[in-house]
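Position 1 is the first residue of the sequence; numbering continues from there.
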Amino acid sequence: QVQLVESGGELVQAGDSLRLSCAASGRIFSSYAMGWFRQAPGKEREFVAAITWNAGLTFYADSVKGRFTISRDKAKNTVFLQTNNLKPEDTAVYYCAADPTFTVVGVRERSSYDYWGQGTQVTVSS
């Protein structure tokens with residue numbers, strides 16, 4: 001069993017940066033991928049970024065590529081999402097998730113992730 005707790009979300013202005021954190025309790029095995037998703041009001045939850053726990057391979061949604069960076073600290077069981085040049089359309093609740101059996105095909109799919117955090121709110125004002 002893995003429990004995930006996100007932090008770091010807040011109200012910022014367009015162009016600002018935020019660093020979101022996801023602290024994981026429980027064992028994260030080498031087969032895992034860790035992902036960030038987001039959900040804006042009235043919209044479906046969408047993939048943002050993911051990283052494989054062992055090799056550190058990264059994957060990004062086109063909408064955030066070049067602005068967001070995902071990383072992990074294996075010693076601290078923590079995943080980070082550095083968000084730069086934030087835009088109002090980045091406003092959403094950001095969720096951390098864990099996929100126990102990483103595949104390239106499934107890493108962007110919500111259904112691949114078995115464990116989810118409660119989310120952290122990011123609001124970007126124009």
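In this structure, CD in Glu6 is found 5.5 Å from SG in Cys96, a value given to the nearest 0.5 Å. Annotation: the span from Glu89 atom CD to Ser63 atom OG amounts to 9.0 Å, rounded to 0.5 Å. Residue Phe59 holds its CZ atom at 6.5 Å from OG1 of Thr52, rounded to the nearest 0.5 Å. In this structure, CG in Leu20 is found 6.0 Å from OG1 in Thr120, a value given to the nearest 0.5 Å. To the nearest 0.5 Å, atom CG of residue Leu4 and atom OG1 of residue Thr78 are 10.5 Å apart.
For Lys65, the side-chain hydrogen bond (donor to acceptor under 3.5 Å, both in side chains) criterion is met by Asp62, not counting sequence neighbours. Take Thr103 and apply the side-chain contact (heavy atoms from CB on, under 4.5 Å) test, not counting sequence neighbours, and it matches Val105. Take Thr123 and apply the side-chain contact (heavy atoms from CB on, under 4.5 Å) test, not counting sequence neighbours, and it matches Leu11, Thr91, Gln121.
Among residues at least two apart or in separate chains, there is no side-chain hydrogen bond (donor to acceptor under 3.5 Å, both in side chains) pair with a member in residues 104-119.
Taking all atoms of both residues into account, the shortest heavy-atom contact from Trp53 to Asn77 is CZ2-OD1, 3.6 Å. Between Val104 and Val107, the shortest heavy-atom distance links the atoms O-CG1, 3.6 Å. Here the closest non-hydrogen pair linking Tyr60 and Ala49 is CD2-CB, 3.7 Å.
The environment of NZ in Lys76 is sparse: at most 12 heavy-atom neighbours from other residues, nucleotides or ligands sit within 6.0 Å.
Residue Val2 is not grouped with residue Tyr95 when hydrophobic side chains (ILVMFWY) are merged at heavy-atom distances under 4.5 angstrom, including chains of intermediate members. Note on Phe47: it does not cluster hydrophobically with Phe68, by side-chain heavy-atom contacts below 4.5 Å among ILVMFWY residues.
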Using atom types as modelled, flag every donor-acceptor pair under 3.5 Å from a side chain in residues 79-86 to any protein atom, sequence neighbours excluded.
unit_1	atom_1	unit_2	atom_2	d
Gln82	NE2	Asn84	OD1	2.9
Thr83	OG1	Leu18	N	3.3
Thr83	OG1	Leu18	O	2.8
Asn84	OD1	Ser17	OG	3.0

Just list the side-chain donor-acceptor pairs under 3.5 Å for residues 27-40, sequence neighbours left out, or say none.
unit_1	atom_1	unit_2	atom_2	d
Ser31	OG	Pro100	O	2.8
Arg38	NE	Glu46	OE2	2.7
Arg38	NH1	Asp90	OD1	2.9
Arg38	NH1	Tyr94	OH	2.9
Arg38	NH2	Glu46	OE2	3.2
Gln39	OE1	Arg45	NE	3.3
Gln39	OE1	Arg45	NH2	3.4
Gln39	NE2	Lys43	O	3.1

